[in-house]
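Worksheet: the structure to be examined is printed underneath.
Side chains included, hydrogens not; waters and symmetry mates left out as well; all remaining heavy atoms used. Numbered from 1 within each chain, the chains take letters A, B, ... in sequence-line order.
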Protein chains: 2
Amino acid sequence: MENKLPTITEIARRLNISASTVSRALHNHSSIGLRTKMRVQELAKELNYEPNQTAIFFQQRKTFTIGVVLPELSEAFFSAAISGIEDCAYKNKYTVLMGQSHDSEEKEKQIIETMKSHRVDGLLVSIANKTNNYDHFESLKRYNIPVVFFDRIPDMPDIHYVACNLISGTIQAINFLIKKGHRIIGMLNGPEKLAASKEREEGYIQAMKKNRLKFDPTLVVNCDLSTDKVYAATEHLLKLKRKPTAIVVFNDYVALDAVQYARRQKLRINKDICFVSYANLPISHYTAFPPMASVEQFPYLQGQKATETLLELLSNKDSGQEGTNTYYKIILESQLVIKENNIADQVL
Amino acid sequence: MENKLPTITEIARRLNISASTVSRALHNHSSIGLRTKMRVQELAKELNYEPNQTAIFFQQRKTFTIGVVLPELSEAFFSAAISGIEDCAYKNKYTVLMGQSHDSEEKEKQIIETMKSHRVDGLLVSIANKTNNYDHFESLKRYNIPVVFFDRIPDMPDIHYVACNLISGTIQAINFLIKKGHRIIGMLNGPEKLAASKEREEGYIQAMKKNRLKFDPTLVVNCDLSTDKVYAATEHLLKLKRKPTAIVVFNDYVALDAVQYARRQKLRINKDICFVSYANLPISHYTAFPPMASVEQFPYLQGQKATETLLELLSNKDSGQEGTNTYYKIILESQLVIKENNIADQVL
DNA sequence: CAAACCGGCGCAATCGTTTGCACATCGCTA
DNA sequence: TAGCGATGTGCAAACGATTGCGCCGGTTTG
């Protein structure tokens, strides 16, 4: 029953020709006679021949596989991103090898090792929260394995990346709040060293300046994104003497927790306190107190663009012209989405 | 700059010994002298040697890769499942190749082909909604590539699978509703041919019987899960002469839409009409009108169990004893989770 | 008529690793 | 001194596909 997969040699044996002829026949090589081609292709189909990719990978030093390393598959942002990655890779006949770092630097390193030994052609990486040391990426460079970072970008020179410009989105968000009459606006930001956090703060500062409002650093708090810390950070903001009437929150999940906290304090959402956040997750449609607006970061698109970029790097590499020291830095503009039909505004 | 990856042959050349000795030294083979071992391992470390997996895969006819095929990566259920799969695979030194069918049979077939040619050691599959024909799975069997299905199980004999027993969960759900005083209970079910739909209906029927209530088939409607169809199905149920006071809905997402529809009809949720659903998604905590209860299906655990099962099949295969015609049919019990702290019950 | 050419095909090397087997060297025993 | 078992190492085949090169026979060309 052990149905051996047919090989090119087997076909050659049956037809009394050489393996090289079979190979060329299957590739429609011009130097093979029509009769032979036909015979080969017929038998190949009959035997259900399929080339052994592992042999080809080995021989060609190319696996048509890209590795994806990201913190958490079950987070909506990343699952949308990987969906975009997989779709794009699939269209280009690449497959996707996956690993999640769970935000641990150690695991990230190990995954990169595994992927390297699997000889992925290239990597897409969204780095772990806790990663401080970037040696493992440097080593990839030495071995000429291209990497495109997306969303969570390390602070390294000479890298390719795709990211969303959060500055513009943040400015839009602040402008929106100011137009609504808010003057004291807090920011519940993520971990300080994330570029994403820095951009949010940068946007915040710029927007305040443009609106001729004073930038008050005490209104910006950083925290990691665990529920406890979010509660604490929200508490901190709400207990300030200059108490904000609106808070811009790191993302929709965090906003849910912040809202939760505020409600426990008997604050009326959208009256006593307003929230604006990032991500624009579809679930917000259904939540009791969605943020008034959310900055869309287009994860699917980011995944897609990152994949396209990587594939381009790979094709340049194949065609020999590698030395080009240009680095792709692709910035998507974020986009503030204002929520209509806020359920909380409706009658129960 | 083109830093060639070091090979076993390179190490052998430098040390003036043979490649086979190097190979054995690196594997700590007992027949290699201590001195030689040391020298080899030292140089290997110095050169940062890493075995070329593609060569090993090729040689050993084993890739330490499992393929995962599922409908939609960005759905919470599947992203949790794949998270479990990846974690479990990683622990056992396997990597995960991914493909999403987007519920298309055609794409599912193509992905299976790709994975076959990538020589994955085995597959984990949750089948596409629209898959009717199972030939592509039969062919895997012929080639002795083990498959473990999870969650969405095809109606085939002699397969391995991991699934959640929804009957018990459904019975719990109905019992819960009956205890709350409901007598006319509707069911908004998924596509008829899904085993998951059948189980829900089966549970519904059993629960009604046990409670000595008449089973009224008109109270059960099937629909695909698009928003439009859900609206239509909800409308249908709510316009019945024997109008239900509670509805058991296919999953939390669908429940959100059903709730949406009911509210547009000015129905008061949890008063005029109650909902119970499946999945127990964390977002339900934050939604305005979460179902009163939800049947947890443990996606992460399912992924994990499915992976463990597959790995066991693989290790049996390696140790030669394949013929065993036993099929793993692993059933997890689902679990009704009753939502406390229903936001809708609270004061705005 | 010889030379050049070309279509059609096979030979053999290559990729990096593993592994069965043979071989050499050693000390030890009978 | 022959024989033996360890011990340590190398040889070579194998995995399946690709590809540069060369060979053979036939046709065209000068």
In whole angstroms, the gap separating P of D:dG16 from CD of A:Gln53 amounts to 14 Å
When rounded to whole Å, the CZ to P distance for the pair A:Phe57 and C:dT17 reads 18 Å
Between B:Tyr328 and B:Glu312, is any side-chain donor less than 3.5 angstrom from a side-chain acceptor?
yes
note: B:Ile56, atom CD1; C:dT19, atom P; distance rounded to Å ~ 10 Å
Of A:Glu108, A:Lys130, A:Lys109, the one forming a side-chain contact (heavy atoms from CB on, under 4.5 Å) with A:Ser101 is A:Glu108
Separation of D:dC15 atom C1' from A:Glu10 atom CD, nearest Å, is 15 Å
> Does B:Thr7 put a side-chain nitrogen or oxygen below 4.0 Å from OP1 or OP2 of C:dG16?
Replying inline: no
- Can you check whether B:Thr21 has a side-chain N or O nearer than 4.0 Å to OP1 or OP2 of D:dG10? yes
Does A:Arg24 reach a base, just sugar-phosphate, or nothing at all? Heavy atoms under 4.0 Å.
base
A:Gln59 CD to C:dC15 P, in whole Å, measures 10 Å
| For B:Thr54, which contact category applies under a 4.0 Å heavy-atom criterion: base, sugar-phosphate, or nothing? | nothing
For this session: Determine whether the side chains of B:Ser23 and B:Ser20 contain a donor N or O and an acceptor N or O closer than 3.5 Å.
Result: no
Here the distance between atom P of D:dC15 and atom CD1 of B:Ile8, to the nearest Å, is 19 Å
Of the candidates D:dG16, C:dT17, D:dC11, the side chain of B:Ser20 sits closest to D:dC11
What do you reckon, are the aromatic ring centroids of A:Phe58 and B:Phe58 less than 6.0 Å apart?
yes
DNA chain D nearest-nucleotide lookup for B:Gln60 and B:Val22: closer to the 5′ end is B:Val22
Q | N/O (side chain, B:Ser23) to phosphate O (OP1/OP2, C:dG16) under 4.0 Å | A | no
note: B:Phe58, atom CZ; D:dT18, atom C1'; distance rounded to Å ~ 11 Å
Checklist line | Heavy-atom check, side chain of B:Leu310 versus side chain of B:Phe150, under 4.5 Å | finding: no
Note: for A:Ile17 and B:Tyr49 on DNA chain C, the residue whose nearest nucleotide lies more 5' is A:Ile17
Rounded to whole Å, NE2 of A:His27 lies from P of C:dG8 at a distance of 19 Å
